[in-house]
Amino acid sequence: MIIHTILFVTDLYYPAKGRNYYEEDLFLTSKLRETFHLVICHPEDIEAFEDHTDLIVFRNAGPVANFKVKYEAFRKRVIAKHLNTYNSLDGKADMNGKEYLIQLTDAQLPVIPTIDTIDHLDELPHGHMYIIKPKDGADSVGLKFVEKDKLVEEVKAHSKDTLIQPLIHFEYEVSFYFIDKQFQYALYAPDKDKRWELKEYTPTDKDLHFAKRFIEWNNIHWGIQRIDACRNEQGELLLVELEDLNPYLSLLELSEEKRNNFVEVMKDSLQKALKG
Ligand SMILES: Nc1ncnc2c1ncn2[C@@H]1O[C@H](COP(=O)(O)OP(=O)(O)O)[C@@H](O)[C@H]1O
Ligand SMILES: [Mg+2]
């Protein structure tokens with residue numbers, strides 16, 4: 001039997017807020033190496049190894065804005081050299097920045113209403129407080145609370161690279177994790193001030209229907225996606241973001257059974273990706 005090789009891309013030393021990325025990747029690589037020949041690689045060093053591997057698995061690399069030029073060059077080489085990647089890089093969401101939130105708003109999907117120009121302010125629900133965030137942001141970098149009076153000034157200072165949203169007074173945030181189009185598990189943050197202290201969440205049919213709409217919309221060939229949502233004061237879920245490049249998975253927060261099950265499903269999905 002042929003054992004395939006995997007280039008596992010992660011920044012083991014990335015200082016993520018409230019999380020130790022490397023612990024998740026130490027776990028995941030220890031499991032994947034049971035089935036594949038695996039090499040760990042820093043996200044800025046992919047080029048040196050990409051021609052000598054069967055599949056490039058992009059995991060906890062941190063925000064790509066930190067190595068924007070190299071990331072864009074990598075995306076170009078994936079197309080030019082037909083490199084096989086996991087996730088497949090055909091997503092429409094976070095892998096291309098946050099601009100898709102405007103598209104989803106225009107399509108009237110259940111998402112935090114989002115615009116990128118003050119001229120469209122009428123399209124947002126009227127309120128006193130707004131949030132602005134950079135289109136290429138992640139890990140809350142550049143996120144700012146702004147009062148209505150200050151909005152014009154703030155947005156001008158950032159030009160069109162900034163998104164504008166109403167401040168949502170949500171009850172809690174909840175994330176739904178998918179491999180390919182299959183739901184795996186859900187976690188929520190019961191304490192609003194502790195975004196990364198997550199507990200298991202049992203979704204209702206309605207919740208799953210909500211999450212699956214975005215998975216269907218994105219329609220990627222293969223990979224792991226995380227649907228982040230918040231429950232607003234009216235009890236409705238609104239999309240916060242769709243992570244389709246390298247969502248942190250909080251695998252070590254899961255029960256052993258769920259964690260191992262996730263690994264098995266991921267291995268099957270990687271085998272599918274290897275077949276192309
Ligand atoms: N419009 C909003 N209203 C209230 N809270 C928000 C809003 N947008 C973001 N947040 C808070 O900020 C966090 C980070 O925002 P997010 O859009 O997920 O960006 P990032 O890519 O940096 O994770 C969210 O998890 C949520 O707690
Ligand atoms: Mg987020």
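FYI, the numbering just counts along the sequence from 1. Note that ligands are numbered from 1 as they come in the structure, with each ligand's atoms numbered from 1 the same way.
- From the protein, the heavy atom lying nearest to atom 17 (O) of ligand 1 is Lys133 NZ, 2.6 Å.
- The nearest heavy-atom contact from the protein to atom 3 (N) of ligand 1 is Ile168 N, 2.9 Å.
- Here CH2 of Trp217 is found 8.5 Å from CG of Leu109. Values are rounded to the nearest 0.5 Å.
- Residue contacts with ligand 1 do not include Lys192, since none of its heavy atoms lies under 4.0 Å from the ligand.
- With hydrogens and angles ignored, the 3.5 Å screen pairs a side-chain donor or acceptor of Thr5 with a backbone N or O of Asp54.
- Within the structure, the closest approach of Leu167 to ligand 1 falls below 4.0 Å when heavy atoms are considered.
- For atom 5 (N) of ligand 1, the nearest protein heavy atom (residue, atom name, distance) is Phe170 CE2, 3.5 Å.
- Residues Pro166 and Tyr130 approach most closely at CA-CD2, 3.9 Å, considering heavy atoms.
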Decide yes or no on side chain to side chain contact (heavy atoms under 4.5 Å, CB included) for Phe176 and Tyr185, but give the supporting numbers first. CA-CA 6 Å; Phe176 306 88; Tyr185 57 92; over 6 Å; no
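- Residue contacts with ligand 1: Lys98 is placed with a nitrogen or oxygen under 3.5 Å of a nitrogen or oxygen of the ligand (distance criterion only).
- Stacking of Lys192 on the aromatic ring of Tyr172 is not recorded, the 6.0 Å distance cut-off and the 45° axial limit not both being met.
- Cation-pi check for Arg259 over Phe27 is met; the charged atom lies under 6.0 angstrom from the ring centroid and within 45 degrees of its normal.
- Considering only non-hydrogen protein atoms, atom 7 (C) of ligand 1 sits nearest to Ile131 CD1, 3.5 Å.
- For the pair Asn218 and Leu242, the minimum side-chain heavy-atom distance is below 4.5 Å.
- Protein heavy atom closest to atom 23 (O) of ligand 1, with residue, atom name and distance, is Glu241 OE2, 2.9 Å.
- Using a non-hydrogen distance threshold of 4.0 Å, Tyr130 does not register as a contact of ligand 1.
- Only the backbone of Pro166 comes within 4.0 Å of ligand 1, judged by heavy-atom distances.
- Under 4.0 Å from ligand 1, not a single heavy atom of His169 appears.
- Contact analysis leaves Gly142 out of contact with ligand 1, as no non-hydrogen atom separation drops below 4.0 angstrom.
- By the 3.5 Å distance cut-off applied to N or O atoms, Glu173 is counted among the residues near ligand 1.
- The name of the N, O or S atom in Glu241 nearest to the Mg ion (ligand 2) is OE2.
- Of the options Ile132, Asp116, Ile115, Thr117, a side chain to side chain contact (heavy atoms under 4.5 Å, CB included) to Thr162 is made by Ile132 and by none of the others.
- Ranking protein heavy atoms by distance to atom 13 (C) of ligand 1, first place goes to Ser140 OG, 4.0 Å.
- Given atom 12 (O) of ligand 1, the protein heavy atom at minimum distance is Leu143 CD2, 3.6 Å.
- A donor-acceptor pair under 3.5 Å is formed between the side chain of Arg59 and the backbone N or O of Pro247.
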